[in-house]
Amino acid sequence: MSNKSTITIATYNIHKGLSPLNRKLIIHDVRKNLNAHDADIVLLQEVQGAHTANARRFADWPNVPQHEHIANGRYTDIVYAANARHRMGDHGNAILSSFSIAHSVNHDVSHHRFESRGHLFASINVPALAKPLTCVCVHLGLFHRSRLMQVERLIDLISEVAPADSPLVIAGDFNDWRAGHSRISAKLADRLGVVEAFESSHGKLARTYPAMMPILTLDRIYIRGMKIEAAHRLHGEVKGTRWRRMSDHLGLAVTLRAK
């Protein structure tokens, strides 16, 4: 934290720790760049808990799950939820926090057997906030009907556990190819009272996909109960490694202040 009244939050689809075309292991660069950015809380999608074939393929494959590898030496509290399991291992979502995570739960929101999806919830004790912060890491489905169901389920789940006046962050890969048609932002605003951080700061959603030439606004950070001071894409270069070459998505980051 830069001071006692602000927190920084980032979201990033790490593409299973591999380069956009799956040719190179890039998880070490992801760790380096995220640690250099130094967000207080990081919400990650497409995190590999294990993959035996890739562990044999790459000599420098981490000897711990990817979320633990990224968090090592920087984040004290980690939660991971494996949404997809297969004979080689598993992958899912993770939340890394500098603050204590009081409890967490993953809700299976898979719409059909071809896509395994989950909403990962964490209640985080942030010193700057009077009430616990509810963080939800999401990775919605590739099909429009799946996303509509998953958003409805998201709204219902949050309404059950987070009072309307409590601080809330929903972040991740929304896969919202048809933003104008789905009206996801409007639904979340109307029923949960959130605003999308980049849209609030810049007047439009951030283009994050594909990373090399971003056109689509797939990644989002929705906020409630905190003031948005700044929002930006994770871009540029950290010690020779460009964000655009590490994943097929660009990440997002926000700076928030307690109201």
Side-chain angles (χ1 to χ4, degrees), residues 9-18 27 30 41-51 64-71 75 77-97 101-124 132-162 168-177 182 184-185 187-188 191-192 194 196 208-209 218-222 224 247-249 251-252:
I9 295 176
T11 182
Y12 193 31
N13 180 326
I14 69 169
H15 194 60
K16 301 176 184 176
L18 302 176
I27 191 66
V30 170
I41 300 170
V42 180
L43 296 90
L44 302 174
Q45 305 85 50
E46 291 196 21
V47 179
Q48 291 198 126
H51 198 292
V64 295
Q66 290 181 344
H67 51 286
E68 293 183 15
H69 178 67
I70 294 171
Y75 295 98
D77 285 49
I78 315 165
V79 291
Y80 167 73
N83 294 324
R85 299 181 186 276
H86 46 81
R87 62 187 181 88
M88 295 294 180
D90 56 82
H91 65 267
N93 298 332
I95 298 175
L96 317 180
S97 176
I101 297 177
H103 58 82
S104 64
V105 62
N106 190 56
H107 296 277
D108 187 345
V109 293
S110 303
H111 188 224
H112 50 77
R113 65 187 182 91
F114 301 106
E115 281 188 316
S116 299
R117 305 289 179 175
H119 296 331
L120 177 58
F121 279 62
S123 179
I124 303 178
L133 170 65
T134 299
C135 273
V136 189
C137 185
V138 306
H139 188 185
L140 302 189
L142 295 174
F143 298 101
H144 178 67
R145 287 182 60 190
S146 298
R147 292 193 293 274
L148 294 182
M149 181 279 287
Q150 288 156 358
V151 167
E152 289 297 322
R153 184 69 175 134
L154 176 67
I155 292 169
D156 290 343
L157 289 167
I158 291 174
S159 299
E160 291 172 6
V161 301
L168 172 66
V169 170
I170 310 166
D173 177 2
F174 283 76
N175 265 322
D176 192 13
W177 310 88
S182 67
I184 285 177
S185 289
K187 291 176 184 177
L188 295 176
R191 296 169 62 183
L192 294 177
V194 299
E196 204 286 322
T208 59
Y209 185 90
L218 301 191
D219 302 88
R220 321 266 177 86
I221 303 178
Y222 293 93
R224 182 180 75 190
S247 170
D248 53 350
H249 288 250
L252 297 177

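This one's a predicted model, so the numbers in the text were calculated from it and none came from an experiment.
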Please set out all donor-acceptor pairs under 3.5 angstrom arising from side-chain atoms of residues 133-145, sequence neighbours excluded.
| from | atom 1 | to | atom 2 | distance (Å) |
| --- | --- | --- | --- | --- |
| His139 | ND1 | Arg117 | NH1 | 3.1 |
| His139 | NE2 | Arg117 | NH1 | 3.1 |
| His139 | NE2 | Asp173 | OD2 | 3.1 |

Distance (rounded to the nearest 0.5 Å) between Ile41 CD1 and Leu43 CG: 7.5 Å
For the atom pair CD1 (Ile124) and CD1 (Ile95), what is the distance rounded to the nearest 0.5 Å? 6.0 Å
Atom of Met149, atom of Val109 and distance for their closest heavy-atom approach: CE-O, 3.2 Å
Mind running side-chain contact (heavy atoms from CB on, under 4.5 Å) on His249 and His15 for me, showing each step along the way? CA-CA 8 Å; His249 288 250; His15 194 60; over 6 Å; no
Measure across Leu192 and Arg224 and return the closest heavy-atom pair with its distance rounded to 0.1 Å. O-NH1, 2.9 Å
Going by ring pair (Phe, Tyr, Trp, His ring centres under 6.0 Å), name the residues that satisfy it together with His86, two or more places apart in sequence or in a different chain. His51
Looking only at heavy atoms, what is the nearest atom pair of Glu115 and Ser146, with distance? OE1-OG, 4.3 Å
As a quick check of understanding, evaluate side-chain contact (heavy atoms from CB on, under 4.5 Å) for Ile170 and Ile158, giving each step before the final call. CA-CA 10 Å; Ile170 310 166; Ile158 291 174; 3.5 Å; yes
Which residues share a ring pair (Phe, Tyr, Trp, His ring centres under 6.0 Å) with His67, sequence neighbours left out: Tyr80
CD1-CD1 distance between Ile101 and Ile78, expressed to the nearest 0.5 angstrom: 8.5 Å
Does the side chain of His107 come within less than 4.5 Å of Gln150's, by heavy atoms? no
Determine the sole option in Asn93, Asn13, Leu96, Thr11 for which the side-chain contact (heavy atoms from CB on, under 4.5 Å) test with Leu44 is passed. Leu96
Between Ser247 and Tyr12, which heavy-atom pair has the shortest distance, and what is it? CB-OH, 3.5 Å
Between Leu188 and Leu154, does a side-chain contact (heavy atoms from CB on, under 4.5 Å) hold up when you go through it step by step? CA-CA 9 Å; Leu188 295 176; Leu154 176 67; 4.2 Å; yes
Under 3.5 Å side-chain donor-acceptor pair for Asn106 and Asn83: yes
Distance, nearest 0.5 Å, that separates CD1 of Ile221 from CD of Glu196: 7.0 Å
Shortest non-hydrogen contact between Ala81 and Leu120, atoms and distance: CB-CD1, 3.9 Å
Name all residues meeting the ring pair (Phe, Tyr, Trp, His ring centres under 6.0 Å) criterion together with His111; count only those two or more places apart in sequence or in a different chain, and write none if there are none. none
According to side-chain contact (heavy atoms from CB on, under 4.5 Å), who are the partners of Ala84, at least two apart in sequence or on a separate chain? His91, Ser116
Heavy-atom closest pair, residues Ile14 and Gln66: CD1-OE1, 3.6 Å
Can you tell me how far CD1 of Ile155 sits from CD of Glu152, rounded to the nearest 0.5 angstrom? 5.0 Å
With side-chain contact (heavy atoms from CB on, under 4.5 Å) as the criterion, how do Arg191 and Asp156 come out once you've worked through the C-alpha distance, each side chain's angles and the decisive distance to 0.1 Å? CA-CA 9 Å; Arg191 296 169 62 183; Asp156 290 343; 4.0 Å; yes
According to ring pair (Phe, Tyr, Trp, His ring centres under 6.0 Å), who are the partners of Tyr222, at least two apart in sequence or on a separate chain? Phe174
Is Ile27 close to Ile70 at the side-chain level, that is, under 4.5 Å between some pair of heavy atoms? yes
